[in-house]
Amino acid sequence: DTGVSQNPRHKITKRGQNVTFRCDPISEHNRLYWYRQTLGQGPEFLTYFQNEAQLEKSRLLSDRFSAERPKGSFSTLEIQRTEQGDSAMYLCASSLVSSLSYEQYFGPGTRLTVT
Amino acid sequence: GDSVTQMEGPVTLSEEAFLTINCTYTATGYPSLFWYVQYPGEGLQLLLKATKADDKGSNKGFEATYRKETTSFHLEKGSVQVSDSAVYFCAKGGGGSYIPTFGRGTSLIVHP
């Protein structure tokens with residue numbers, strides 16, 4: 001396994017369109033996280049899954065955002081009716097529940113530009 | 001609430017200089033502490049970690065010691081290289097929460 005992968009790497013869309021991103025975690029990792037990162041900031045937590053269950057969502061997460069992890073493997077993040085303020089890097093990370101250190105492994109990110 | 005505070009950047013150094021990037025945290029429990037590095041256009045990579053007080057994490061010449069008494073986890077390297085130029089993030093995880101908290105990042109620029 002080569003690590004966490006994300007697709008697409010870049011997405012340019014017009015305001016009002018819907019976009020969907022995919023994350024494939026490290027295969028044995030059962031926890032999966034989504035973050036948003038804007039320039040000059042650290043990753044901002046959006047939501048996380050343990051296996052297929054979505055256990056927590058950020059209070060900052062608009063109802064235009066939805067995430068799924070239907071079989072406990074890959075995950076998708078959808079943004080409906082995109083706005084210019086949604087332009088950011090969207091990062092996915094995975095980790096192992098049994099890891100006592102809570103370290104995470106990140107994918108390369110999907111950069112979204114809303115015009 | 002819990003937080004992670006890093007020194008503001010950019011930090012600009014000449015090659016072979018000594019590096020310190022300060023990081024302090026607040027937490028109600030006993031978190032694990034991490035340093036991640038991010039190169040331009042890429043995701044974050046775990047650089048080093050420490051899981052309990054007085055632990056020292058080290059990797060690629062970087063070190064950080066978990067100081068519970070000062071709630072700090074400062075990153076150090078004795079001799080930086082141009083290839084170390086990147087953004088460094090301090091983070092904490094665990095300690096009663098499965099949601100990690102990241103600092104805002106410190107940009108390091110190393111000149112030849």
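Predicted, not measured: the structure shown is a model, and the values here were computed from it. The chains referred to below are lettered A, B, ... by the order of the sequence lines, with proteins before strands, and numbering in each begins at 1.
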ask   = Side chain, backbone, both or neither: which part of A:Arg9 has an atom under 4.5 Å from a heavy atom of chain B?
value = side chain
remark   = Value for OG1 (B:Thr51) from CD (A:Glu103), rounded to nearest 0.5 Å, stands at 9.5 Å
ask   = Of the backbone (N, CA, C, O) and the side chain (C-beta and beyond), which part of A:Glu56 lies under 4.5 Å from a heavy atom of chain B, both, or neither?
value = side chain
request  = May I ask you to check whether B:Tyr36 and A:Phe106 place their ring centres under 6.0 Å from each other?
outcome  = yes
request  = Write down the atom of B:Gly43, the atom of A:Leu91, and the distance for their closest heavy-atom approach.
outcome  = CA-CD2, 4.2 Å
ask   = Are A:Tyr35 and B:Pro100 close enough that some pair of their side-chain heavy atoms sits under 4.5 Å apart?
value = yes
message = Please check if the number of heavy atoms outside A:Glu68 that lie under 6.0 Å from its CD is greater than 12.
response = no
key: Verdict with reasoning, B:Phe89 to A:Gln37, per side-chain contact (heavy atoms from CB on, under 4.5 Å)   = CA-CA 12 Å; B:Phe89 292 93; A:Gln37 185 181 26; 3.3 Å; yes
ask   = For A:Arg15, does the CZ atom have more than 12 heavy-atom neighbours from other residues, nucleotides or ligands under 6.0 Å away?
value = no
Rounded distance (nearest 0.5 Å) linking atom CD of A:Gln104 with atom CD of B:Gln45 = 14.5 Å
request  = Verify the cluster assignment for B:Phe62 and B:Tyr39: are they in a single hydrophobic cluster under the rule of side-chain heavy atoms below 4.5 Å apart?
outcome  = yes
key: Greater than 12 external heavy atoms within 6.0 Å of B:Glu8's CD   = no
request  = Determine which residues belonging to residues 68-81 of chain B lie within contact range of chain A, meaning some heavy atom pair is under 4.5 Å apart, and list them by number or answer 'none'.
outcome  = none
query = In residues 103-110 of chain B, which residues are in contact with chain A at a heavy-atom separation under 4.5 Å?
reply = B:Gly103, B:Arg104
ask   = Which distance, rounded to the nearest 0.5 Å, do you find between the CD1 of B:Ile99 and the OG1 of A:Thr47?
value = 8.0 Å
ask   = Under 4.5 Å between side-chain heavy atoms, hopping through other hydrophobics if needed: is there a path connecting B:Ile21 to B:Tyr66?
value = yes
key: Cluster check A:Leu32, A:Phe65: I/L/V/M/F/W/Y, side chain < 4.5 angstrom   = yes
ask   = Are A:Leu77 and A:Leu61 connected in the hydrophobic side-chain network, where two residues link if heavy atoms are under 4.5 Å apart?
value = yes
message = Heavy-atom count check: over 12 atoms from other residues, nucleotides or ligands less than 6.0 Å from B:Glu16 CD?
response = no
task = Identify which part of B:Leu46 has an atom lying under 4.5 Å from any heavy atom of chain A, answering side chain, backbone, both or neither.
result = side chain
ask   = Among the clusters formed by ILVMFWY side chains lying less than 4.5 Å apart, do A:Tyr90 and A:Val19 turn up in the same one?
value = yes
